[in-house]
Trainee: 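Sharing a structure with you now.
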Amino acid sequence: MPASYSTPTAKGARRRSRRRTHPRLLRGLLASVGVTLVCVLLFALLMQWLKPDDQAVRVVNQLIKLLSIFVGVLVMVGRGGDRGLLWGAALGLCYMALGVGLYALLSGQQLGLTAYLSDIAMGVAGGGISGAIVQNMRA
């Protein structure tokens with residue numbers, strides 16, 4: 001038999017594992033979006049009383065994004081799960097790409113390419129770090 005021969009069950013097992021991972025990513029992404037919506041709503045209510053300056057709003061916005069990614073990774077990978085770094089980076093990429101796309105679509109404003117890329121890079125890095133942390137948590 002040639003070295004590249006794979007049995008039909010090996011191919012089927014590979015397909016099944018790929019199909020199972022997509023709902024996991026979707027579940028993590030939905031958890032991240034849910035956390036974002038709750039935090040943005042709470043912060044909008046607090047802004048009425050606190051009246052923060054623009055710099056404080058930017059910082060809180062970034063913290064909300066990172067918290068949302070962390071919770072999404074925790075839901076997706078689970079404590080002590082496998083491949084946390086990879087899954088976290090994938091979730092961070094999807095979450096930030098969705099956010100950047102919605103911002104561009106809904107606001108009608110066009111930021112520079114570097115602003116979009118830096119947001120996406122922050123999501124990938126934050127997701128990867130979150131995944132590594134969650135993976136090393138005890139179950």
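This structure is a prediction, so every number in the text was calculated from the model and none was measured.
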Trainee: Can you name the residues that form a side chain to side chain donor-acceptor pair (under 3.5 Å) with S68, not counting sequence neighbours?
Mentor: T36
Trainee: Kindly indicate, with the supporting measurements, whether the criterion side chain to side chain contact (heavy atoms under 4.5 Å, CB included) is fulfilled by M96 and Y116.
Mentor: CA-CA 9 Å; M96 292 306 278; Y116 289 137; over 6 Å; no
Trainee: Using distance only, find each side-chain donor-acceptor pair of residues 44-65 under 3.5 Å and give its atom names and separation, not counting sequence neighbours.
Mentor:
from : atom 1 : to   : atom 2 : distance (Å)
K51  : NZ     : Q48  : O      : 3.0
D53  : OD1    : A56  : N      : 3.2
K65  : NZ     : D119 : OD2    : 3.3

Trainee: Kindly give the heavy-atom pair with the smallest separation between I69 and Y95, and that separation in Å.
Mentor: CG1-CD2, 3.5 Å
Trainee: Looking at G72 and A31, what are the two nearest heavy atoms and their distance?
Mentor: CA-CB, 4.3 Å
Trainee: For a side-chain contact (heavy atoms from CB on, under 4.5 Å) with L91, tell me which candidate from V75, L26, L29 qualifies.
Mentor: L29
Trainee: Among the clusters formed by ILVMFWY side chains lying less than 4.5 Å apart, do L37 and V40 turn up in the same one?
Mentor: no
Trainee: Is it the case that one hydrophobic cluster holds both I120 and Y103, taking links as side-chain heavy atoms less than 4.5 Å apart, direct or via other members?
Mentor: yes
Trainee: Extract all donor-acceptor atom pairs below 3.5 Å that involve side chains of residues 121-137 and protein atoms in other chains or at least two apart in sequence.
Mentor:
from : atom 1 : to   : atom 2 : distance (Å)
S130 : OG     : G126 : O      : 2.8
Q135 : OE1    : G84  : N      : 2.8
N136 : ND2    : A132 : O      : 2.9

Trainee: Could you see if V77 belongs to whatever hydrophobic cluster contains L74? Use Ile, Leu, Val, Met, Phe, Trp, Tyr and a side-chain cutoff under 4.5 Å.
Mentor: yes
Trainee: When clusters are formed by joining ILVMFWY residues with side-chain heavy atoms under 4.5 Å apart, either directly or through shared neighbours, do V35 and L25 land in the same one?
Mentor: no
Trainee: Determine whether F70 and M76 fall in the same hydrophobic cluster, where Ile, Leu, Val, Met, Phe, Trp and Tyr are linked whenever their side-chain heavy atoms lie under 4.5 Å apart.
Mentor: yes
